[in-house]
Trainee: 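Let me give you the structure first, and then I'll get to my questions.
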Protein chains: 2
Amino acid sequence: MDNPAILTAEVPSTADRILNAAEDIFAEKGYSATSLGDVADRVGIRSPSLYNHFKNKEALYEAVLERLLQDFSAPLVELDSGPVTNERVFRWLETIVRQHHANPNLARLLQHAALSGGPHTNELIDRLFRPMFQPDARIEGENFTLFQNTGLQPWAVMAFNNLVMSYVTMAPMYRDLLGQDPFSEVALENQLNLIKMLLRAVFDYKGEPAQAS
Amino acid sequence: MDNPAILTAEVPSTADRILNAAEDIFAEKGYSATSLGDVADRVGIRSPSLYNHFKNKEALYEAVLERLLQDFSAPLVELDSGPVTNERVFRWLETIVRQHHANPNLARLLQHAALSGGPHTNELIDRLFRPMFQPDARIEGENFTLFQNTGLQPWAVMAFNNLVMSYVTMAPMYRDLLGQDPFSEVALENQLNLIKMLLRAVFDYKGEPAQAS
DNA sequence: GGGGGCAATGTGAATAATCGCGCCTCCGAA
DNA sequence: TTCGGAGGCGCGATTATTCACATTGCCCCC
């Protein structure tokens, strides 16, 4: 969909087909458990032929990451391009959710990296998460600043990241439990409704009410 | 803590030490990427010695899962032992969160299984999640039944599961971003506060207000 | 009490499969 | 004719697993 080779030719280049196959398999098995033989099999070539297009396994992994990061960091720079209002946060979150539904591979790769490490993990953290954890001076809205002062803000950032990412990485299990495709259109709408409702609760946060337990 | 060998002797048996080491490494790398040599190294023995205690790699994995499932399914059967009131859901969720903080390995193993599969994955789903997705006749509270009728209930179940599990599985990345231990006592309290606030929002749900986007 | 068996538990060596990766050949299109 | 790219071959490392063997502690019987 954002593959430049598709724009110029009907058939993607071998390098792009390798990238597509590698992205899927890296996302499923993680870096170390992915074998280049599996990647080559899916492309339809032999594994030594991969070395005509990528220096080695790590370079292939790096190329996969780079292509994903290009796509997924776009909404964040868009959000940073103006004042952080409630409404713009709503739209940003919805964009993120739709993006992860369209391509679950980044979340899966990220989850593998968080669990097992692997090359370029620190770069992943910096480019995807670091901006969200730095205190942003352009945040507006009284409720939001109140929330910020409670010290709960980073935990809210983590919470919504968890909501989005874990839905994707746990999707294979949820498929069995729901009895329907977790990436279908109706599933996406349901998840969006629930996330928006929870986000409203954060925006409407007025401090700590009486404990329930 | 629930190790029977500790009750009778000060030093755990070799089988238990193997289980402990295997649990950590399986949780970090997943089933297929875990090498028995690594497990043996951590125990301080050679890998063929593992076969004196477990039939093969899969049996060791199964034993690790079984021990974890014993611990983690306890709160769920406790919740099922009576009417599902708001307050009892609060307490159950808090217990679950504290349990995952005390031992993050189940969440990590589960995440690996969801991403990459592995032996006994279906059994994991059945024993940990299936009960939460079946409509429960003992649910009480008007808000809750209203919520149930919207069809959003399974999505709420998934959402809170995502909140708890992803916090644990993403913890290595959050450690860098927070600048503090995600499993410290204060971190636990912060996460609990935020989850309780979101759970209150679900309980207070009165239907769909005007869209924000 | 002493010794003979025996089960439990460790080890090194060996095996077959798989892995990443480099070398070299060959083919087909420009 | 040239050259990018695919494949065949194979090296060295790692994997799970098996096997023969050494050692230890314990029980039982003489």
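Every chain is numbered from 1, with letters handed out A, B, ... down the list of sequences.
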Trainee: Starting at atom CG of B:N56, determine the distance to atom P of D:dT18, rounded to an integer number of angstrom.
Mentor: 7 Å

Trainee: For A:E185, check salt bridge (Lys or Arg N to Asp or Glu O under 4.0 Å) against everything at least two apart and list the hits.
Mentor: none

Trainee: Applying a 4.0 Å non-hydrogen cut-off, can you work out what A:T34 is touching in the nucleic acid: base, sugar-phosphate, or nothing?
Mentor: sugar-phosphate

Trainee: Nearest-Å distance, NZ (B:K55) to C1' (D:dT18)?
Mentor: 13 Å

Trainee: Provide, to the nearest angstrom, the distance between the CZ atom belonging to A:R46 and the C1' atom belonging to D:dG7.
Mentor: 8 Å

Trainee: First contact, last contact: which nucleotides of DNA chain C are these for chain A, 5' to 3', heavy-atom distance under 4.0 Å?
Mentor: C:dC19 to C:dG22

Trainee: For D:dA6, take OP1 and OP2 only and decide whether either is under 4.0 Å from a side-chain N or O of A:T14.
Mentor: yes

Trainee: Can you name the residues that form a salt bridge (Lys or Arg N to Asp or Glu O under 4.0 Å) with A:R175, not counting sequence neighbours?
Mentor: A:D181

Trainee: Starting at atom OH of A:Y51, determine the distance to atom P of D:dG10, rounded to an integer number of angstrom.
Mentor: 18 Å

Trainee: Test of understanding: with salt bridge (Lys or Arg N to Asp or Glu O under 4.0 Å), list the residues that count as partners of B:R88, not counting sequence neighbours.
Mentor: B:E78

Trainee: D:dG5 phosphate, OP1 or OP2: any side-chain N/O from A:S49 under 4.0 angstrom?
Mentor: no

Trainee: By salt bridge (Lys or Arg N to Asp or Glu O under 4.0 Å), which residues pair with B:E58, not counting sequence neighbours?
Mentor: none

Trainee: Map A:N52 and A:S35 onto DNA chain C by nearest heavy atom, then report which one ends up closer to the 5' terminus.
Mentor: A:S35

Trainee: Atom CG of A:D41 to atom P of D:dA6: distance rounded to whole Å?
Mentor: 15 Å

Trainee: Tell me whether the OP1 or OP2 atom of D:dA6 has a side-chain N or O from A:H53 closer than 4.0 Å.
Mentor: yes

Trainee: Check residues 40-49 of chain B and write down every donor-acceptor pair under 3.5 Å in which the side-chain atom is one partner and the other belongs to a residue at least two apart or another chain.
Mentor:
| unit_1 | atom_1 | unit_2 | atom_2 | d |
| --- | --- | --- | --- | --- |
| B:R42 | NH1 | B:D24 | OD2 | 3.4 |
| B:S49 | OG | B:R46 | O | 3.4 |

Trainee: Between B:Y167 and B:H100, is the gap from one ring center to the other below 6.0 Å?
Mentor: no

